[in-house]
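Below you'll find the structure, written out as structure tokens, and then a few comments.
Starting from 1, each residue takes its place in the sequence as its number. Everything numeric in this text was worked out from a predicted model, so none of it was measured. Counting starts at 1 for both ligands and their atoms, in listed order. These values consider heavy atoms only, across backbone and side chains, with no hydrogens, waters or symmetry-generated copies.
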Amino acid sequence: MSGEIILQARGLGISFGAVDAVKAVDFDLRQGELRCLIGPNGAGKTTFFRLLSGQYPPTRGTITFKGKSLNALQPYQIARLGIGVKTQVPSLFEGLSVAENIDMAARRRAKGRAVKVIVNEVLEQIGLADLRDRACAELAHGQRQWVELGQILASKPAVALLDEPAAGMTHDESLKTVRIIRDITRESAVIVVEHDMDFIRLIGERVTVFERGTVIAEGSFDEIAKDPQVRAAYLGRERNTNV
Ligand SMILES: Nc1ncnc2c1ncn2[C@@H]1O[C@H](COP(=O)(O)OP(=O)(O)OP(=O)(O)O)[C@@H](O)[C@H]1O
């Protein structure tokens with residue numbers, strides 16, 4: 001695989017009382033990479049995501065970004081270093097327009113006229129140019145997700161962490177979301193946490209599979225879909241999931 005390692009975890013884990021939610025995970029993300037993290041309910045995906053973004057301090061192990069330790073940093077410090085996060089919790093300013101929300105993100109890396117250029121470009125990329133003056137509170141669910149992805153496009157973090165970016169979307173909306181994520185990948189290495197296998201199939205990139213707080217498999221979608229351990233993990237815990 002090409003590209004330098006930009007984000008790395010070694011022996012990374014966290015326990016909540018007696019629950020080892022993430023045990024001791026080794027993980028590498030390379031420059032330019034788009035990686036999907038999957039696993040059945042309770043596998044530890046969201047907890048791992050929160051360790052990477054600084055929302056939880058690790059109980060054990062290390063996380064480094066461009067060789068610098070993130071272990072003791074707060075989420076805002078990690079964001080400033082260049083790790084952008086889209087969580088499942090909405091983070092838009094509801095009373096502000098679509099363009100204003102993108103504008104605020106663009107100002108993290110540009111000033112003056114350049115901000116306007118970025119905002120216009122991102123509105124085209126997320127397909128919401130016609131709704132630029134609409135308050136975010138008035139948008140449909142999928143459109144709101146795209147504005148949040150637009151904020152990532154506008155701020156161009158070195159790494160973008162996306163937690164279930166297509167949750168609650170129709171198939172067509174998910175397709176559009178995949179296109180937007182591909183645009184993000186032009187500038188940022190990306191991690192997508194997801195438990196919807198159909199969405200992972202649409203993305204079609206390298207996949208890391210979590211189960212009970214550990215990584216049980218890593219590879220292309222086809223490789224992991226054939227892996228007996230992965231199939232057992234899904235079939236044993238989510239009978240309706242088609243792997
Ligand atoms: N704050 C917490 N306190 C105690 N236990 C927790 C906490 N957060 C997560 N856990 C436990 O850690 C394990 C992993 O949970 P996590 O939410 O990371 O899984 P997940 O793979 O993201 O699942 P899902 O797909 O359902 O979101 C579960 O057993 C969960 O109950």
*Determine, using heavy atoms of G44 and all atoms of ligand 1, whether some pair is separated by less than 4.0 Å.*
yes
*Among Ile, Leu, Val, Met, Phe, Trp and Tyr joined by side-chain contacts under 4.5 Å, find the other residues sharing a cluster with F93 and list them by chain and number.*
L96, M104
_Y56/F49 under ring pair (Phe, Tyr, Trp, His ring centres under 6.0 Å): CA gap, chis, key distance, verdict_ = CA-CA 9 Å; Y56 289 150; F49 181 96; over 10 Å; no
*Does the distance from a Lys or Arg side-chain N to an Asp or Glu carboxylate O, for R206 and E218, drop under 4.0 Å?*
yes
*asked:* Within the 4.0 Å heavy-atom shell around A21, which atoms of ligand 1 are there?
replied: 12 (O), 13 (C)
_Tell me whether T47 has any N or O atom under 3.5 angstrom from an N or O of ligand 1._
yes
*Would you call D183-R186 a salt bridge at under 4.0 Å N-O?*
yes
_Enumerated ligand 1 atoms positioned under 4.0 Å from heavy atoms of P40_ = 21 (O)
*Out of G42, G17, G213, A18, indicate the one that has the non-hydrogen atom closest to atom 28 (C) of ligand 1.*
G42
_Option nearest atom 10 (N) of ligand 1 (shortest heavy-atom distance, choices F48, F16, Y56)_ = F16
Enumerate donor-acceptor pairs with a distance under 3.5 Å from any side-chain N or O in residues 74-89 to protein atoms, sequence neighbours excluded.
unit_1: Q77; atom_1: OE1; unit_2: Q74; atom_2: N; d: 2.7
unit_1: K86; atom_1: NZ; unit_2: Q145; atom_2: OE1; d: 2.8
unit_1: T87; atom_1: OG1; unit_2: V89; atom_2: N; d: 3.2
unit_1: T87; atom_1: OG1; unit_2: V89; atom_2: O; d: 3.0
unit_1: Q88; atom_1: NE2; unit_2: D163; atom_2: OD1; d: 3.4
unit_1: Q88; atom_1: NE2; unit_2: D163; atom_2: OD2; d: 3.2

_Per-atom contacts, ligand 1 versus A43 - under 4.0 Å to a heavy atom_ = 19 (O), 20 (P), 21 (O)
_Location of contacts on F49 toward ligand 1, heavy atoms closer than 4.0 Å_ = neither
*Any idea how F48 and F210 line up, ring-wise: parallel (<30°), tilted (30 to 60°), or perpendicular (>60°)?*
tilted
